[in-house]
There are 2 protein chains.
Amino acid sequence: MDRIMECVPNFSEGRDLQKIDKIVAPFRARQGVKLLDYSNDEDHNRLVVTVVGEPEPLRDAVLEAIGVAVRLIDLNTHQGQHPRMGAVDVVPFIPIRNVSMEEAVALSKEVGEEVAERYNLPVFLYEKSASAPHRENLAAIRKGEFEGMAEKIRQPEWHPDFGPAERHPTAGTVAIGARMPLVAYNINLSTPSLEIAHDIAKKIRFIGGGLRYCKAMGVELKDRGITQVSINMTDFTRTALYRAFELVRIEARRYGVSIVGSEIIGLVPMEALIDTASYYLGLENFSMEQVLEARIIE
Amino acid sequence: MDRIMECVPNFSEGRDLQKIDKIVAPFRARQGVKLLDYSNDEDHNRLVVTVVGEPEPLRDAVLEAIGVAVRLIDLNTHQGQHPRMGAVDVVPFIPIRNVSMEEAVALSKEVGEEVAERYNLPVFLYEKSASAPHRENLAAIRKGEFEGMAEKIRQPEWHPDFGPAERHPTAGTVAIGARMPLVAYNINLSTPSLEIAHDIAKKIRFIGGGLRYCKAMGVELKDRGITQVSINMTDFTRTALYRAFELVRIEARRYGVSIVGSEIIGLVPMEALIDTASYYLGLENFSMEQVLEARIIE
């Protein structure tokens with residue numbers, strides 16, 4: 001694959017394995033598309049698919065899978081712990097290799113327009129694709145969920161970007177957009193005090209005056225008797241992993257607390273870790289093109 | 001590519017671009033094989049090819065390229081700065097992904113046997129494929145070069161592993177074997193003293209009582225007025241990059257010298273750097289399967 005885009009569509013079906021199989025099917029055995037992972041959560045009643053591909057075949061596969069989900073899922077009978085507003089809840093496109101954020105935005109708009117036309121589904125563009133600042137945040141769009149959307153979508157400020165200003169009777173609405181890869185990164189602390197963990201989290205995160213592309217909160221790890229700063233790195237190319245790590249170390253000093261380890265949850269682009277190695281080794285003149293696997297993928 | 005083997009054959013032709021093109025041709029546009037790099041050096045009069053592939057198609061491509069080189073290169077008229085004993089000087093196979101060292105050894109022997117039969121070329125197995133300890137080291141096999149090999153090969157201890165005990169009249173002899181990936185890694189010091197750089201190199205390298213899979217020497221960087229410990233990491237899976245880095249830092253302390261940076265020369269497997277990031281971040285429960293690109297290659 002020369003140019004790699006990632007897509008992580010979330011579908012509101014986490015229990016019926018036959019339906020899940022049908023939704024995932026368009027991503028299998030398709031030239032230029034690779035299904036990396038899919039996992040369904042019964043409590044959330046939700047399916048998260050991770051797929052990469054060249055932009056055009058990926059677009060076609062995503063459109064097909066959305067069609068299957070619209071046909072199979074009825075939100076009127078859907079219950080689960082995770083908030084949701086549609087059969088296809090959210091479809092983020094993420095530039096991975098030799099594609100720009102601009103291309104991801106363009107692709108998300110193309111898919112959004114097509115989804116509205118083919119399936120008569122109201123589409124909200126979100127994140128980098130948002131048509132207004134109040135639509136950047138997925139949680140703000142989704143507020144009220146499927147049930148509330150019947151009314152909400154009629155308000156002028158929540159008019160969809162594509163499709164009818166009316167909730168689809170069974171499939172609800174969908175958010176489609178482009179964003180950077182998320183890295184879920186937790187840093188474990190030598191203290192059982194949730195207060196300290198949360199205090200540190202507040203200092204390193206963006207809204208607390210901390211790092212621009214960093215969301216964080218304190219979490220208790222009861223079985224281990226410790227706590228962690230649980231972090232979402234929203235753009236590791238601007239806010240590096242090691243910067244969050246070192247900043248937590250610095251802030252922890254105030255409490256006489258130290259870092260006992262850290263962990264990455266789920267998938268991570270190699271660049272996020274190689275950049276970290278490069279920092280600690282003080283690498284000069286290093287290029288990602290020196291990485292054997294980067295050459296193989298090209 | 002499911003299973004990835006690397007091969008870095010060295011050919012004794014660094015000047016005639018038409019011949020170089022013909023030698024490299026078997027690696028191009030071949031299903032299951034990817035040519036990552038090739039570079040010719042006019043002074044060395046040598047061509048180094050880096051290619052990866054699934055074992056079987058890689059084997060076929062290597063055999064074909066060796067045939068072309070045997071046909072085109074005459075060592076009787078070859079001159080260059082780099083020591084050489086054959087038209088195809090050395091052919092290392094390197095396990096990269098989902099293949100074991102045992103499979104690399106088996107592949108090297110299969111290729112060796114076939115090369116002897118097809119091209120009537122004497123073959124020495126070296127490194128992990130060597131049939132005796134005195135044949136592990138390429139330099140020991142090659143000593144005497146093409147010119148000396150006419151006599152040397154008749155000695156019982158230098159009888160080839162495959163093929164006739166007689167130097168090929170134009171193509172000489174070839175060493176074929178399996179080895180781990182080499183990482184060329186240099187650590188720059190804050191001192192202009194070559195003596196200090198060499199002293200540190202001697203302490204960290206295997207033969208000086210240092211790290212098992214580490215070769216090192218001191219080198220002067222005259223334009224920058226500094227020196228470096230120039231390192232060959234011969235098995236980064238056993239002797240990690242960060243271990244060499246930290247050990248140089250520790251040894252440098254004795255001289256009041258510090259590390260000003262480091263550099264990786266040429267290609268490096270992503271695992272070497274991700275392992276380094278994992279060490280500095282204290283990653284818990286991390287698996288290489290969490291790396292997005294590792295999933296894509298699978």
Side-chain angles (χ1 to χ4, degrees), chain A residues 1 4 6 34-37 50-53 94 96-97 181 183-188 224 228 241-242 244-246 249 258-298, chain B residues 1 4 6 34-37 50-53 94 96-97 181 183-188 224 228 241-242 244-246 249 258-298:
Chain A
M1 281 190 258
I4 300 181
E6 186 186 11
K34 190 161 171 108
L35 176 62
L36 297 190
D37 189 54
T50 306
V51 59
V52 294
I94 303 138
I96 297 292
R97 196 173 163 76
V183 179
Y185 179 53
N186 301 329
I187 300 174
N188 298 333
R224 294 176 64 182
Q228 70 181 191
L241 249 61
Y242 68 80
F245 180 82
E246 292 295 341
R249 170 156 44 205
S258 57
I259 292 175
V260 301
S262 70
E263 55 178 347
I264 284 170
I265 309 298
L267 294 179
V268 57
M270 70 172 174
E271 195 172 346
L273 291 173
I274 288 178
D275 173 59
T276 292
S278 176
Y279 167 74
Y280 286 107
L281 298 179
L283 288 187
E284 300 175 3
N285 304 316
F286 184 73
S287 148
M288 287 296 292
E289 294 309 305
Q290 288 178 255
V291 180
L292 191 71
E293 284 79 359
R295 295 281 186 99
I296 292 174
I297 289 173
E298 242 174 22
Chain B
M1 282 191 257
I4 300 181
E6 185 186 12
K34 189 160 170 108
L35 177 63
L36 297 189
D37 188 53
T50 305
V51 60
V52 294
I94 303 138
I96 297 291
R97 196 172 164 77
V183 179
Y185 180 52
N186 302 329
I187 299 174
N188 299 333
R224 294 175 61 181
Q228 71 181 190
L241 248 61
Y242 68 80
F245 180 81
E246 292 295 343
R249 171 158 41 205
S258 57
I259 292 175
V260 300
S262 71
E263 56 178 345
I264 285 170
I265 309 297
L267 293 180
V268 58
M270 70 173 174
E271 196 173 344
L273 291 174
I274 287 178
D275 172 60
T276 292
S278 176
Y279 167 74
Y280 286 106
L281 297 179
L283 286 187
E284 300 175 2
N285 305 316
F286 185 74
S287 147
M288 287 296 291
E289 294 309 306
Q290 289 179 254
V291 180
L292 190 74
E293 284 80 0
R295 295 280 186 96
I296 293 175
I297 288 173
E298 244 174 21

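All values below come from the heavy atoms of this structure, side chains included, with hydrogens, waters and symmetry mates left out. Just so it is clear: chains get the letters A, B, ... in the order the sequence lines come, proteins before strands, and each one is counted from 1.
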Enquirer: Of all the heavy-atom pairs spanning B/Lys34 and A/Arg295, show the shortest one and how long it is.
Expert: CE-O, 3.0 Å
Enquirer: Let me know if B/Glu289 has heavy atoms under 4.5 Å from chain A in its side chain, its backbone, both or neither.
Expert: backbone
Enquirer: Closest heavy-atom contact between B/Ile274 and A/Met270?
Expert: CD1-CB, 4.1 Å
Enquirer: Please flag which part of A/Ile187 lies under 4.5 Å from any non-hydrogen atom of chain B: side chain, backbone, both or neither.
Expert: neither
Enquirer: Identify which part of B/Tyr185 has an atom lying under 4.5 Å from any heavy atom of chain A, answering side chain, backbone, both or neither.
Expert: side chain
Enquirer: Count the heavy-atom pairs under 4.5 Å between each of A/Thr276, A/Leu267, A/Leu283, A/Leu281 and chain B, then report the option with the highest count.
Expert: A/Leu281
Enquirer: Which region of B/Phe286, side chain (C-beta onward) or backbone (N, CA, C, O), has a non-hydrogen atom less than 4.5 Å from a non-hydrogen atom of chain A, or is it both or neither?
Expert: side chain
Enquirer: Taking all heavy atoms of B/Gln290 and all of A/Ile264, pick out the closest pair and write down the distance.
Expert: NE2-O, 2.7 Å
Enquirer: Are any of the side-chain heavy atoms of A/Val268 and B/Leu292 separated by less than 4.5 Å?
Expert: no
Enquirer: Examine whether an atom of A/Ile259 lies under 4.5 Å from a heavy atom of chain B, and if so say whether it belongs to the side chain, the backbone or both; otherwise answer neither.
Expert: neither
Enquirer: First locate atom CZ of A/Phe245, then atom OH of B/Tyr280, and finally report the distance between them rounded to the nearest 0.5 Å.
Expert: 11.5 Å
Enquirer: Under 4.5 Å between any side-chain heavy atoms of B/Leu36 and A/Ile296, yes or no?
Expert: yes
Enquirer: At a heavy-atom distance under 4.5 Å, which candidate from A/Gly282, A/Ser262, A/Gly261 has the highest pair count against chain B?
Expert: A/Ser262
Enquirer: Does any heavy atom of chain A fall under 4.5 Å from the side chain of B/Ile96, the backbone, both, or neither of them?
Expert: side chain
Enquirer: Do side-chain atoms of B/Glu293 reach the backbone of A/Glu293 as a donor and acceptor pair under 3.5 angstrom?
Expert: no
Enquirer: What part of B/Asp275 lies closer than 4.5 angstrom to a heavy atom of chain A: side chain, backbone, both or neither?
Expert: neither
Enquirer: With a 4.5 angstrom heavy-atom cut-off, could you sort out which part of B/Val291 is near chain A: side chain, backbone, both or neither?
Expert: both
Enquirer: If you tally heavy-atom pairs under 4.5 Å against chain A, which of B/Glu246, B/Glu6, B/Met288, B/Arg224 wins?
Expert: B/Arg224
Enquirer: Could you check which of B/Thr50, B/Asn186, B/Asn188 has the highest count of heavy-atom pairs closer than 4.5 Å to chain A?
Expert: B/Asn188
